[in-house]
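Each chain gets a letter, A, B and so on, in the order its sequence line appears, and its residues count up from 1.
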Amino acid sequence: MYKTKQEILVKSKKAIGKSFGEIDLYNRLSNYKNKGNLGQIIEESFFEYAVNSRSEPDFIEAGVELKVTPFKLNKNRTYSSKERLVLNMINYMTEGVKSFYTSSFWNKNSIILLMFYLYDFETFYKDMKIEYTYLFEFSDEDLIIIKKDWEIIHDKILKGLAHEISEGDTMYLAACRKGNKNSKLRQQPFSAVLAPSRAYSLKGSFMTSLLNEKVIGIKSKEKIIKDVSVLKEKSFEEYIYCVLSRYKGQKVEHLNNQFRINGKAKNSNAVLVARLLGLEGSISKSSEFLKANIKVKTVRVNKTGNIKEHMSFPNFQYKKIVEENWETSSLREMFETTKWLFVIFKEGNDGYFFNSVLFWNMPISDLDNEYKEVWDKTVKCIKKGNIYNFTNTRNQRVTYFPNANENRVGHVRPKGKNSKDTYELPVEDNKLKVMEYTKQCFWLNNKYILGIVSKRNLDKVSRGGDKL
DNA sequence: GCATGATCATGC
DNA sequence: GCATGATCATGC
């Protein structure tokens, strides 16, 4: 058994360039595209210790946990982690009474030996190779944020809300669902409601940054937090709120002039926030936003206190979405793992004024109930060839997709270059007899957004903030 | 003023 | 060229 971090790291390097098939001594991999258990192969055949499921790290004496994890080459030739790094299961009953440093997370995962293999859709698992190994320990700045993340998860357990935990609640450390749909729901200590089983995990976005910046060694991204010590007093979100509150009530046109921003560009609001935060580049490319998978959205509140526009999200492809199921759908995945930063502008007598920002992620119940209904109906329409309804008096093609009236959370509407900008259909449309249709995407209803913005603004009032 | 189809502007 | 975020346009 290996006794020190260094011994383990040195040994791990000998796996670089080897395929799982070459390493595997016990024939755990067949010729099929079967993932089997790649981690077990490394444990048994490479490090030569018996597979276990203890709560201690795999290499007890060295305190090192072993993780074998995939990364992929993107079309634009950059590398991404293929998935989140799933760590140990959360036992809600026992974790509730722990503190960060006595938690099962910290006990098992404070030092992780990462072995990255290159995943490729067309390759058998036995032929995929280990490309990098890296001994990972949390940096001071990451650890501050991770501790806060752990506390957010812990707090939900203490409040009897384990069933409402979502990956979007936190920045880098998340509680991700583990086990299939039919696996048993778990007890939690402060509520009778059973909660889905979840495991601690490092977000896919965090792993991608780690891979690129620490393992491969690509230049680091611009940071919003230039001095870590500010995070000792405030959380990341509080810091952002604090910095931006200085600009509250300033006219957008004025701010745009001051920071030399082209106000006509549709991304000008995101650029503006980046400048207000002192960034040279874009906010979506900042280190923290990339690692935490935070996306920026503009919200404009008009004079009457309403939000004029619904909020759009990426297009879906008809042929792909019909192959998905809700539990693993790209829509669900996006809304469970993404945190959004709403940048709120308020209309005044002569134009728009910067108001505030708001971090938000979709509550699991909204996602798995109402938004699921929108998704279900959409998929049903496509599968049945039931998309086109009639042509209205403006010569526009009206669809059967779920509209904004029938669902509290969201709807489906076109989004593309123009109406001739289409994706292929899996089945012919019943009425039009065509095999393609105008690109569409999922939207969030403006009223739903308004509910979020005004509710949270009330919360802020009680903490001394201002009303919209 | 809402509902909903259509389309613009940018970045990569 | 295309995906994406944001916004326009108009009948009811």
Side-chain angles (χ1 to χ4, degrees), chain A residues 74-80 221 252 256 261-274 279-286 289-290 293-321 330-331 334-335 338 340-345 347 351-352 354 357 360 374 377-378 381 387-424 429 431-432 436-450:
Chain A
N74 302 315
K75 280 181 190 152
N76 64 3
R77 293 185 174 187
T78 60
Y79 289 107
S80 297
K221 303 289 179 186
V252 173
N256 281 342
I261 295 164
N262 169 17
K264 283 182 185 163
K266 287 188 176 181
N267 69 342
S268 65
N269 293 332
V271 177
L272 176 59
V273 176
L279 289 170
E280 287 174 17
S282 81
I283 192 167
S284 57
K285 298 269 168 57
S286 70
F289 273 53
L290 281 174
N293 195 24
I294 304 170
K295 304 267 168 66
V296 180
K297 289 284 187 184
T298 300
V299 176
R300 293 195 309 178
V301 179
N302 63 23
K303 282 181 197 166
T304 57
N306 292 317
I307 295 172
K308 182 160 175 282
E309 301 295 341
H310 304 289
M311 190 179 279
S312 71
F313 293 91
N315 290 116
F316 58 80
Q317 291 189 38
Y318 302 111
K319 280 184 154 174
K320 283 190 181 163
I321 199 169
S330 47
L331 185 71
M334 176 178 74
F335 275 103
T338 310
W340 308 94
L341 179 72
F342 294 162
V343 182
I344 304 163
F345 297 91
E347 190 183 22
Y352 278 89
F354 175 74
V357 296
W360 175 81
V374 178
K377 182 172 175 185
T378 303
C381 286
I387 296 175
Y388 170 77
N389 187 352
F390 65 94
T391 300
N392 68 16
T393 53
R394 291 167 67 194
N395 208 27
Q396 295 171 325
R397 304 192 301 178
V398 178
T399 71
Y400 284 112
F401 286 130
N403 62 41
N405 287 325
E406 64 191 81
N407 189 284
R408 185 179 63 92
V409 176
H411 63 277
V412 166
R413 245 174 57 241
K415 189 185 73 166
K417 203 163 128 279
N418 53 43
S419 64
K420 293 185 183 69
D421 190 13
T422 61
Y423 282 128
E424 283 179 53
D429 185 74
K431 292 185 180 167
L432 288 180
E436 57 178 356
Y437 205 83
T438 312
K439 291 174 182 174
Q440 314 265 329
C441 77
F442 289 94
W443 299 69
L444 289 183
N445 296 343
N446 51 2
K447 282 178 190 161
Y448 177 69
I449 308 282
L450 185 64

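Listed by residue number, the members of residues 303-313 of chain A with any heavy atom below 4.0 angstrom from DNA chain C are A/E309, A/H310, A/S312, A/F313. Near DNA chain B, defined here as any heavy-atom distance below 4.0 Å, the residues from residues 413-420 of chain A are A/R413, A/P414, A/K415, A/G416, A/K417, A/N418, A/S419, listed numerically.
Atom NZ of A/K431 is surrounded by more than 12 heavy atoms from other residues, nucleotides or ligands within 6.0 Å. Counting non-hydrogen atoms of neighbouring residues, nucleotides and ligands closer than 6.0 angstrom, the CG atom of A/N395 reaches no more than 12 such neighbours.
Rounded to the nearest 0.5 Å, atoms CG (A/L432) and CZ (A/R397) are 5.5 Å apart. A/N405 contributes atom CG, which lies 8.5 Å from atom CG of A/N445 (distance to the nearest 0.5 angstrom). The distance from the OH atom of A/Y400 to the CG atom of A/D429 is 9.5 Å, given to the nearest 0.5 Å. Atoms OH and OG1, on A/Y352 and A/T298 in that order, are 11.5 Å from each other to the nearest 0.5 Å.
Across all strands, A/F401 comes closer than 4.0 Å to no nucleic acid atom at all (heavy-atom distances). When heavy atoms are screened at a 4.0 angstrom cut-off, A/N405 is found touching the sugar-phosphate backbone but no base atom. Counting non-hydrogen atoms under 4.0 angstrom, A/N403 reaches the backbone sugars and phosphates but no base. If you check every strand for non-hydrogen atoms under 4.0 Å, A/N445 touches nothing. Residue contacts for A/K285: at a heavy-atom cut-off of 4.0 Å it reaches the sugar-phosphate backbone alone, with no base atom in range. Among the atoms of the strands shown, none is found under 4.0 Å from any heavy atom of A/S282.
Remark: aromatic rings of A/Y388 and A/Y437 are distant, center separation not under 6.0 Å.
Bounding nucleotides for the chain A contact on DNA chain B, 5' to 3', at a heavy-atom distance below 4.0 Å, are B/dC2 to B/dC12.
For the pair A/K439 and A/R394, nearest-nucleotide mapping onto DNA chain C gives the more 5' position to A/K439. When the nearest nucleotides of DNA chain C are assigned to A/Q396 and A/W340 by heavy-atom distance, the more 5′-ward of the two goes with A/W340. Both A/Q440 and A/N302 lie close to DNA chain B; mapped to their nearest nucleotides by heavy-atom distance, the more 5′-ward contact belongs to A/N302.
At a threshold of 4.5 Å between non-hydrogen side-chain atoms, the residues A/F342 and A/M311 count as touching. Side-chain contact between A/L444 and A/W340: absent, with no pair of heavy atoms (C-beta onward) separated by less than 4.5 Å.
Ring geometry for A/W443 against A/H411 counts as parallel: the plane angle stays under 30°, on a 0 to 90° scale with 60° as the upper cut.
When each of A/E436, A/K439, A/Q440 is paired with A/T422, the side-chain hydrogen bond (donor to acceptor under 3.5 Å, both in side chains) condition holds for A/E436 and for no other.
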